[in-house]
Amino acid sequence: MNRPKAGDQVTTNGWVRTARHSKGFSFVEVNDGTTILNLQAVCDATLPNYEATIKHIATGTSVRITGELVDSPGKGQKYELRASDVHVYGFAPDFPLQKKGHTMEFLREIAHLRSRSNTFGAVFRVRNEMARAVHEFFQQRDFLYLHTPIITASDCEGAGAMFRVTTLDPDKPPRHKDGSIDFTQDFFGKTAHLTVSGQLSAETAALALSRVYTFGPTFRAENSNTTRHLAEFWMIEPEVAFFDINDDQDLAESFLKHIFKSVLEHCPDDMKFFADRIEKSAIDTLNHIVESEFVRMTYTEAIDILLKSGRSFEFPVKWGCDLQSEHERYLTEEHVKRPVILTNYPKDIKAFYMRLNDDEKTVAAMDVLVPRIGEIIGGSQREERLDVLEQRLREMNLSAEDYSWYLDTRRFGTAPHAGFGLGFERTIQFATGLGNIRDTIPFPRTPGSAEF
RNA sequence: UCCCCGAUAGCUCAAUGGUAGAGCGAGCGGCUGUUAACCGCUAGGUUGUAGGUUCGAGCCCUACUCGGGGAGCCA
């Protein structure tokens with residue numbers, strides 16, 4: 001499918017996207033997933049298995065076709081395959097995918113087959129390219145790829161509801177005398193969960209190896225039913241020693257630009273498909289982002305802009321309140337019309353580990369907001385001062401004992417450091433223009449749904 | 001979890017409370033250059049589930065299930 005010059009003898013294996021039969025010959029378009037483009041094979045009726053086999057080839061049939069690659073006399077393709085041998089691996093009676101358009105909802109119900117569609121072939125090729133670009137970006141900058149645990153026994157990662165991991169019999173778990181479940185008899189000797197973030201682990205590595213990043217599955221047991229939430233998703237979390245909040249913003253901006261630039265360079269056919277069929281502005285948006293500077297403003301400045309906007313929001317704007325979706329959308333979609341990085345949020349609406357600013361009212365937090373998706377990156381400079389961190393734990397009613405290993409990093413040679421988390425699927429969603437995050441991952445896991 | 005909308009053929013959708021249809025897809029036939037090909041024929045339905053109102057319900061009412069959009073939580 002990578003289009004060698006005409007005249008070559010080639011063999012292609014793949015799945016038929018569409019077949020058109022007429023009296024003397026058939027057109028069979030084959031796709032093997034390497035590109036969104038099909039290879040059109042012309043199968044003459046003089047082929048020995050024409051009547052018995054070729055004539056019955058339809059959408060979904062898997063085939064091997066050998067022939068000469070020739071210049072195509074028809075419009076729509078440069079080359080075509082003049083078939084000399086056609087082998088059918090398997091027919092596909094009642095194949096649910098048609099050659100005509102399907103709704104994303106229907107395709108989601110047949111997720112085990114939807115990779116055979118143009119849209120999902122393109123999605124998964126772009127997903128792959130973005131994953132490749134993530135590693136390329138960090139490896140070029142001497143970051144170490146760190147594998148943080150997926151199962152965690154610390155119940156204090158503090159980023160939302162967690163899935164429990166246990167081998168205890170749910171019908172008759174061992175119990176204490178007071179009736180509560182005895183988790184000391186569980187597999188790990190204590191309660192365990194799936195990770196909601198590798199950040200705290202990554203911090204311990206950053207304070208030894210300087211530059212690290214994670215890229216792995218993340219699990220949130222939140223009952224979130226939206227177009228931008230998954231119960232199982234992939235997150236990228238760089239963590240860098242000796243970085244402050246400004247370095248963190250620089251890193252986030254160049255990181256996003258690198259990923260989008262890579263997609264534009266390496267997936268032009270797929271991006272053209274998204275622009276044609278999914279979101280008209282898909283390519284323009286990415287070009288715009290690669291070429292322009294992100295707008296940076298503080299939370300306080302953002303509140304000011306919202307107050308002066310003259311807009312009536314459903315949720316009134318007030319310093320100290322968390323920004324609602326409608327506020328974020330106004331800022332990134334209407335006010336600046338590109339990504340915006342907000343910093344220095346009130347400490348009461350952010351996590352305990354974010355570094356307290358000198359005003360003692362705000363923390364060095366950073367959210368990257370993009371049009372349509374909202375928050376795509378959340379990060380901060382971390383609180384490296386032991387006494388301040390302990391004070392923040394107390395304020396938030398968190399137990400210093402639970403975090404003793406984390407606090408050790410501040411006890412022993414602490415250093416300023418910063419990092420962020422990027423939602424991989426949200427980034428795919430943004431780049432492709434897809435409306436629902438469930439279409440960015442092969443088999444989406446959401447509340448009430450873990451099919452396939 | 002809350003609010004709104006929806007569910008009719010494999011898919012996308014029609015059908016004033018009165019005999020459930022079309023296009024596409026599929027199967028068969030036709031067609032010598034097609035491109036979401038084209039032309040003809042055929043098959044295909046417990047109208048999401050359970051109740052209720054009515055002489056009569058795809059249509060009205062109630063509950064539930066599933067799906068979609070928005071909100072919250074966040075990445």
Side-chain angles (χ1 to χ4, degrees), chain A residues 17-29 37-46 55-56 58-60 70 72-77 80 82 91-110 113 117-118 158-161 196-199 214 217-237 252 277 313-315 322-329 349-351 367-370 373-379 420-430 435-441 446-449 451:
Chain A
R17 283 297 169 74
T18 170
R20 296 175 290 277
H21 305 284
S22 57
K23 191 178 183 182
F25 52 91
S26 295
F27 293 107
V28 177
E29 284 191 39
L37 304 172
N38 299 332
L39 179 61
Q40 172 171 283
V42 185
C43 307
D44 200 83
T46 56
K55 227 171 69 176
H56 304 288
T59 305
V70 299
S72 175
K75 288 177 183 170
Q77 61 281 319
E80 64 187 20
R82 190 167 301 280
F91 287 104
D94 301 316
F95 187 55
L97 280 167
Q98 302 176 11
K99 49 184 109 172
K100 302 213 171 188
H102 285 295
T103 60
M104 298 302 275
E105 291 77 23
F106 173 69
L107 291 171
R108 217 171 286 148
E109 288 171 9
I110 52 165
L113 297 174
S117 66
N118 287 331
V196 294
S197 164
Q199 182 199 314
T214 72
T218 308
F219 308 88
R220 303 271 169 94
E222 303 284 354
N223 192 8
S224 298
N225 296 287
T226 79
T227 54
R228 50 189 195 285
H229 287 265
L230 292 166
E232 175 184 291
F233 64 102
W234 288 65
M235 189 155 63
I236 295 137
E237 295 179 290
R277 299 294 185 89
F313 295 104
E314 189 187 340
F315 297 90
D322 211 351
L323 294 177
Q324 305 292 319
S325 279
E326 56 174 344
H327 305 141
E328 296 182 347
R329 292 185 75 119
I349 60 173
K350 287 294 181 183
D367 282 1
V368 181
L369 311 178
V370 296
I373 310 291
E375 185 178 343
I376 198 169
I377 282 179
F420 62 77
L422 171 90
F424 189 51
E425 284 75 14
R426 283 190 185 176
T427 314
I428 297 168
Q429 206 187 341
F430 180 73
N436 195 313
I437 199 167
R438 295 166 198 193
D439 301 323
T440 63
I441 190 167
T446 54
S449 177
E451 300 305 310

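Reckoned from all heavy atoms, side chains included, excluding hydrogens, waters and symmetry mates. In what follows, chains carry the letters A, B, and so on, assigned in the order in which the sequence lines appear, proteins first and then strands, with residues in each chain numbered from 1.
With a cut-off of 3.5 Å on both pairing distances, the Watson-Crick or G-U wobble partner of B:A26 is B:U42. Remark: B:G17 base-pairs with no nucleotide in the shown strands. Criterion, Watson-Crick or G-U wobble with two distances under 3.5 Å. Using the Watson-Crick or G-U wobble rule with both distances under 3.5 Å, B:U32 pairs with nothing in any strand shown. B:C74 makes up no base pair with any nucleotide shown, lacking Watson-Crick or G-U wobble contacts both under 3.5 Å. In this structure, B:U8 makes no Watson-Crick or G-U wobble pair, since no nucleotide meets both defining distances under 3.5 angstrom. The partner of B:U62 is B:A50, by the rule that a Watson-Crick or G-U pair needs both atom distances under 3.5 Å.
Judged by distance alone, with hydrogens and angles left aside, A:Glu105 brings no side-chain donor or acceptor close enough to the base of B:G69 to form a pair under 3.5 Å. Counting atom types as modelled, A:His229 pairs a side-chain N or O with a base atom of B:C73 as donor and acceptor under 3.5 Å. With hydrogens and angles ignored, a donor-acceptor pair closer than 3.5 Å exists between the side chain of A:Asn225 and the base of B:U1. Between the base of B:C74 and the side chain of A:Ser224 there is no donor-acceptor pair shorter than 3.5 Å. No donor-acceptor contact under 3.5 Å links the side chain of A:Arg20 to the base of B:C31.
A distance of about 9 Å separates the P atoms of B:A26 and B:A37, rounded to the whole Å. The same atom, C1', is picked in B:G72 and in B:C3; the two are 11 Å apart, to the nearest Å. Look at the P atom in both B:A15 and B:A9: the space between them is 15 Å, to the nearest Å. The gap from the P atom of B:G6 to that of B:C61 amounts to 11 Å, rounded to the nearest Å. Taking the P atoms as reference points, B:U19 lies 46 Å from B:U34, given to the whole Å. B:U12 sits 15 Å from B:G25 when the P atoms are compared, rounded to a whole Å. Taking atom C1' in both B:G52 and B:C59, one finds a spacing of 15 Å when rounded to whole Å. Nucleotides B:G29 and B:A22 are separated by 24 Å at their P atoms, to the nearest Å.
In terms of position on RNA chain B, the residue among A:Glu29 and A:Pro93 whose nearest nucleotide sits closer to the 5' end is A:Pro93. When each of A:Ile349 and A:Gly24 is assigned the nucleotide of RNA chain B with its nearest heavy atom, A:Gly24 is the one assigned upstream, toward the 5' end.
Contact between the side-chain N/O atoms of A:Arg228 and the OP1/OP2 oxygens of B:C73 is not found at any separation under 4.0 Å. Distances shown here put every side-chain N or O of A:Thr227 at or beyond 4.0 Å from the OP1 or OP2 atom of B:G69. Contact check, A:Lys99 against B:A36: no side-chain N or O comes under 4.0 Å of OP1 or OP2. Distances shorter than 4.0 Å separate some side-chain N or O of A:Asn436 from OP1 or OP2 on B:G69. Between A:Arg438 and B:G68 there is a side-chain polar atom (N or O) within less than 4.0 angstrom of OP1 or OP2. Residue A:Gln324 places no side-chain N or O under 4.0 Å from the OP1 or OP2 atom of B:A71. OP1 or OP2 of B:G25 has not a single side-chain nitrogen or oxygen of A:Thr59 nearer than 4.0 Å. Checking the phosphate oxygens (OP1, OP2) of B:G72, a side-chain nitrogen or oxygen of A:Ser325 falls inside 4.0 Å. Between A:Lys100 and the phosphate of B:G23, there is no side-chain N or O to OP1/OP2 separation shorter than 4.0 Å.
In this structure, A:Ser197 and A:Glu237 approach most closely via the heavy-atom pair OG-OE2, 3.0 Å. Residues A:Cys43 and A:Val28 approach most closely at SG-CG2, 4.0 Å, considering heavy atoms.
Atom CD in A:Glu232 sits roughly 17 Å away from atom P in B:A75 (whole-Å rounding). The NE2-C1' distance, from A:His56 to B:A26, rounds to 14 Å in whole Å. For A:Asp94 and B:C24, the CG to P distance is 19 Å, given to the nearest whole Å. Going from atom CD of A:Glu222 over to atom C1' of B:C2 covers 15 Å, rounded to whole Å. A:Phe315 has its CZ atom 11 Å from the C1' atom of B:C3, to the nearest Å. Going from atom CG of A:Leu97 over to atom C1' of B:G25 covers 11 Å, rounded to whole Å. Separating the CD1 atom of A:Ile373 from the P atom of B:A71 is a distance of 12 Å, rounded to the nearest angstrom. As rounded to whole Å, 13 Å separates atom C1' of B:C11 from atom CZ of A:Phe95.
A salt bridge does not link A:Glu232 to A:Arg220: none of the charged nitrogens lies less than 4.0 Å from a carboxylate oxygen. Using a 4.0 Å cut-off between charged side-chain N and carboxylate O, A:Lys350 and A:Asp322 make no salt bridge.
Contact annotation for A:Thr103: backbone-only contact, meaning every heavy-atom pair under 4.0 Å involves sugar-phosphate atoms and none involves a base. Residue A:Gly421 is classed as a sugar-phosphate contact, given heavy-atom separations below 4.0 Å to backbone atoms only. Base engagement by A:Gln77 is indicated by at least one non-hydrogen atom pair under 4.0 Å involving a base atom. Nucleic acid contact class of A:Leu230 (heavy atoms, under 4.0 Å, all strands): base. Residue-level contact check: A:Pro73 touches the bases, meaning some heavy atom is under 4.0 Å from a base atom. Residue contacts shown for A:Glu425 are absent, as no nucleic acid heavy atom lies under 4.0 Å away. Looking at heavy-atom distances under 4.0 Å, A:Phe233 makes contact with a base. Residue A:Glu328 is classed as having no contact, given no heavy-atom separation below 4.0 Å to the nucleic acid.
Atom CG of A:Asn225 is surrounded by more than 12 heavy atoms from other residues, nucleotides or ligands within 6.0 Å.
Ring centroid separation for the pair A:His327 and A:Phe313 comes in under the 6.0 Å cut-off.
Looking at A:Ile376 and A:Leu422, their side chains come closer than 4.5 Å, going by heavy atoms from C-beta outward.
Of the candidates B:C11, B:A75, B:A26, B:A26 carries the atom nearest the A:Ala58 side chain, counting heavy atoms from C-beta on. Here the nucleotide nearest the side chain of A:Thr226, chosen from B:C11, B:G33, B:A71, is B:A71. Relative to the side chain of A:Arg108, the nucleotides B:A71, B:G68, B:G25 differ in distance, and B:G68 lies closest.
A donor and an acceptor atom, one from each side chain of A:Gln77 and A:Ser72, are located under 3.5 Å apart. Using modelled atom types and a 3.5 Å distance limit, the side chains of A:Gln98 and A:Thr59 yield no donor-acceptor pair.
In this structure, CD1 in A:Ile437 is found 11.0 Å from OG1 in A:Thr446, a value given to the nearest 0.5 Å.
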